[in-house]
Amino acid sequence: QVQLVESGGGLVQAGGSLRLSCSASGRTFRFDAMGWFRQAPGKEREFVAAITWNSGRTNYLDSVKGRFTISRDNAKNTVYLQMNSLKPEDTAVYYCARDRSGSLSGRVHMDYDYWGQGTQVTVSS
């Protein structure tokens, strides 16, 4: 069993920054690839970023490349999403999830099996 809890969301002005955290508890975090997704009202859940267990590879949604950085600290059982130069279109609930395949894919249903409850990010113009 894996439990994931996101934090760090909030309301920011366009151009601002936030760092999201995903704290994990369970047996296998150390060796799990992890991903971040987001979902805005009326839209389907969207892949944002993913990272391998050893931080050797990352994968990003094209629209966040150069602005967002995913990282992790396995000693703290935590995955981070640093979000810079935020835009109103980044507004969404952000979720972290475990990638059971280790492929860093954006396949929401096929490759990710444990999810947090989400943290709201709102970017005002």
Side-chain angles (χ1 to χ4, degrees):
Q1 197 72 230
V2 177
Q3 183 177 6
L4 305 172
V5 180
E6 301 94 340
S7 62
L11 174 64
V12 297
Q13 297 287 132
S17 297
L18 286 172
R19 189 177 77 158
L20 306 184
S21 297
C22 173
S23 297
S25 60
R27 298 168 47 247
T28 60
F29 176 81
R30 173 66 175 81
F31 302 106
D32 290 339
M34 300 290 294
W36 285 96
F37 292 77
R38 65 188 182 187
Q39 188 166 24
K43 296 184 179 294
E44 67 180 28
R45 196 161 295 187
E46 177 183 44
F47 171 79
V48 177
I51 187 168
T52 55
W53 72 272
N54 62 351
S55 300
R57 290 191 297 120
T58 57
N59 190 27
Y60 293 94
L61 176 68
D62 284 344
S63 65
V64 309
K65 288 179 180 177
R67 299 191 297 121
F68 291 9
T69 302
I70 187 170
S71 62
R72 66 191 297 163
D73 185 342
N74 289 340
K76 297 181 178 179
N77 287 346
T78 302
V79 180
Y80 304 98
L81 186 68
Q82 178 67 46
M83 305 187 297
N84 299 324
S85 302
L86 283 162
K87 305 174 180 180
E89 51 262 46
D90 295 318
T91 295
V93 177
Y94 283 71
Y95 301 88
C96 66
R98 186 182 75 168
D99 176 2
R100 63 186 175 191
S101 73
S103 68
L104 311 188
S105 79
R107 299 188 297 179
V108 175
H109 301 293
M110 282 181 279
D111 291 335
Y112 295 83
D113 56 353
Y114 291 97
W115 296 82
Q117 295 299 303
T119 185
Q120 177 71 49
V121 172
T122 303
V123 184
S124 61
S125 60

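Here the structure is a predicted model, which means the values were calculated and not measured.
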- Ring-face cation of R45 near Y95 (centre distance under 6.0 Å, axis angle within 45°):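 Here R45 passes the 6.0 Å and 45° test against Y95.
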
I'd like to know if the side chain of [X] reaches the main chain of [Y], judged simply by a donor and an acceptor atom lying under 3.5 Å from each other, with no hydrogens or angles considered.
X: N74; Y: N77; result: no
X: E6; Y: Q117; result: yes
X: R100; Y: M110; result: yes
X: R72; Y: T52; result: yes
X: T122; Y: L11; result: no

Locate the shortest heavy-atom distance separating [X] from [Y]; write the atom from each residue and the value.
X: I51; Y: S71; value: CD1-CA, 3.8 Å
X: M34; Y: C22; value: CE-SG, 4.3 Å
X: Y112; Y: S105; value: OH-O, 2.6 Å
X: V2; Y: Y114; value: O-CD2, 3.4 Å
X: T91; Y: V123; value: OG1-N, 2.9 Å
X: G118; Y: V93; value: CA-CG1, 3.7 Å

- Query: Can we say R67 and D90 salt-bridge, meaning some charged N sits less than 4.0 Å from an Asp/Glu carboxylate O?
  - Reply: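 Salt bridge: yes.
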
[Y] and [X], any side-chain heavy atoms less than 4.5 Å apart:
X: R38; Y: V64; result: yes
X: L18; Y: V121; result: yes
X: S103; Y: D111; result: yes

- Item | K65 atom NZ, neighbour heavy-atom count above 12 within 6.0 Å |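 Atom NZ in K65 is crowded, with more than 12 foreign heavy atoms closer than 6.0 Å.
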
- Item | Qualifying ring-ring contact (aromatic ring centres under 6.0 Å, His included) pairs, either residue in residues 45-90, two or more places apart |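 Counting only pairs at least two positions apart or across chains, the ring-ring contact (aromatic ring centres under 6.0 Å, His included) contacts touching residues 45-90 are F31-W53, F37-F47.
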
- Check each of V5, V79, T78, D73 against S21 using the side-chain contact (heavy atoms from CB on, under 4.5 Å) test, and report the only one that passes.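 That would be T78; it is the only one of V5, V79, T78, D73 passing the side-chain contact (heavy atoms from CB on, under 4.5 Å) with S21.
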
- Within one Ile-Leu-Val-Met-Phe-Trp-Tyr cluster: W36 and L4, side-chain cutoff 4.5 Å: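 Yes, W36 connects to L4 through the hydrophobic network.
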
Show me the donor-acceptor pairs, under 3.5 Å and distance only, between side chains in residues 81-89 and residues at least two apart or in other chains.
from : atom 1 : to  : atom 2 : distance (Å)
Q82  : NE2    : N84 : OD1    : 3.0
N84  : OD1    : S17 : OG     : 2.9

